Amino acid sequence: MDLLDHHVRLNLAGYMMDRTGTQTDFDNVDTNPASPTFNLHTEETRNAPGTSKIRGIEADLTAKVAEGLTLGASYAYTYTFIPATANPFLNNVLYQVYTVYTPRNSASVSADYSVPVGGEGSEVKVHLDANYASSQYSFQNEAVKADASFVVNGRIALADIEAANTGAKVTIAIWARNLFNEEHLFYKSGSAQAGVSGEQSCVNALPAFCRGASAPADPPAALFHPDHHAGDAQHRHHRPDQAGADAPCHAADMGGGDGLDP
């Protein structure tokens, strides 16, 4: 809806979803070197009993507060629940699983400023945005949450430059993601503390990779990981420039991010 003579725009949305039969893939990897099935990866799919639920609200506010200056803010709340599901590798005991990379709360603010330069319609444009996401699960089978994050991005551009004798216009821009060089673990496992495998973690501000501590001397006979059809739930990730980088890593969708496109 538009307010204050079209200087303010407010968008509100809410949604609810109930779903039955949510499918979860449970993965079993035999980690016992003495076993004839050592390193064998077995996957079985189970349907969650009852009803999975997703609830959410979203709000977005944009305001033109002065000539050339526009401010924005947004907020989203998301609730998710999947009923405990029978794990075929634990004698079908009901096993709680989670929706990954879905923060309960997220918010952002932004500012855009433009000012004309020269006499041919060119403008200097400045953009800043700050983005917050609360802690969230990064493994479907662990009640361990990764870090909350706060990332600031910026962009400055000289836009609509007339290209000589072509009729075209050119924009030159410089942009930066994570201006304050924040680091947040968004890929976090409690299995290291439990003695199952080395810690896996990735840094939000840097390229996604696993930092693996070496696995324990006497690993358990099998590692099991539920996976909501995100693909192979475990793989070996080798980085020669990192000590102990041969720790097990769980495959998960790490897409998204709060940065600006160039």
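Just the heavy atoms: all of them, side chains too, but no hydrogens, waters or symmetry mates, feed the values below. Every value quoted in this text rests on a predicted model; they were computed, and no experiment measured them.
- Between the side chain of Asn32 and the backbone N or O of Ala34, at least one donor-acceptor pair lies under 3.5 Å.
- Judged by distance alone, with hydrogens and angles left aside, the side-chain atoms of Asn153 form no donor-acceptor pair with the main-chain N or O of Arg177 at under 3.5 Å.
- No donor-acceptor pair under 3.5 Å is formed between the side chain of Ser108 and the backbone N or O of Asn131.
- The shortest side-chain heavy-atom distance between Ile54 and Tyr15 falls under the 4.5 Å cut-off.
- Counting heavy atoms from C-beta outward, Pro83 and Ser52 have side chains that approach closer than 4.5 Å.
- Within a 6.0 Å sphere centred on CG of Leu12, other residues, nucleotides and ligands contribute more than 12 heavy atoms.
- Geometric assessment of Lys53 against the ring of Phe81 yields a negative cation-pi assignment under the 6.0 Å and 45° thresholds.
- Contact of the Pro88 side chain with the Arg46 side chain is registered, since non-hydrogen atoms from C-beta on lie closer than 4.5 Å.
- Within 6.0 Å of CZ on Arg9 lie no more than 12 heavy atoms contributed by other residues, nucleotides or ligands.
- Atom CG of Asp2 has more than 12 heavy atoms from other residues, nucleotides or ligands within 6.0 Å.
- Side-chain contact check for Tyr132 and Asn105: no donor-acceptor pair (N or O, by modelled atom type) lies under 3.5 Å.
- A donor-acceptor pair shorter than 3.5 Å can be found between the side chains of Asp129 and His127.
- In this structure the side chain of Gln140 never reaches within 4.5 angstrom of the side chain of Tyr98, judged on heavy atoms.
- Hydrophobic clustering (side-chain heavy atoms under 4.5 Å, transitive across Ile, Leu, Val, Met, Phe, Trp, Tyr) keeps Leu10 apart from Tyr75.
- Judged by distance alone, the side chain of His7 and the main-chain N or O of Lys64 form no donor-acceptor pair under 3.5 Å.
- Glu58 has its side chain out of reach of Tyr77: every pair of non-hydrogen atoms, C-beta onward, lies at least 4.5 Å apart.
- Between the side chain of Asp147 and the backbone N or O of Ser149 there is no donor-acceptor pair closer than 3.5 Å.
- In this structure, Thr62 and Thr70 have side chains that are in contact, with non-hydrogen atoms separated by less than 4.5 Å.
- Considering only heavy atoms from C-beta on, Phe26 stays 4.5 Å or farther from Leu90 through its side chain.
- No single ILVMFWY cluster, assembled from side-chain heavy atoms under 4.5 Å apart, contains both Leu94 and Phe89.
- The 12-atom threshold is not exceeded at CZ of Phe180, counting heavy atoms of other residues, nucleotides or ligands nearer than 6.0 Å.
- Thr85 places no side-chain N or O within 3.5 Å of a backbone atom of Tyr95 that could act as its donor or acceptor partner.
- In this structure, Thr99 OG1 and Gln136 CD are separated by 11.5 Å, a value rounded to the nearest 0.5 Å.
- The closest donor-acceptor contact from the side chain of Ser35 to the backbone of Pro33 lies at 3.5 Å or more, if one exists at all.
- Under a 4.0 Å N-O distance rule, the pair Arg155/Asp112 does not qualify as a salt bridge.
- With 3.5 Å as the limit, one finds no donor-acceptor pair spanning the side chains of Thr42 and Asn28.
- Using a 4.0 Å cut-off between a side-chain N of Lys or Arg and a carboxylate O of Asp or Glu, Lys169 and Asp160 do not qualify as a salt bridge.
- The backbone N or O of Lys188 lies less than 3.5 Å from a partner atom in the side chain of Ser138, making a donor-acceptor pair.
- Side chain of Arg55 to backbone of Met17: a donor-acceptor contact under 3.5 angstrom is found.
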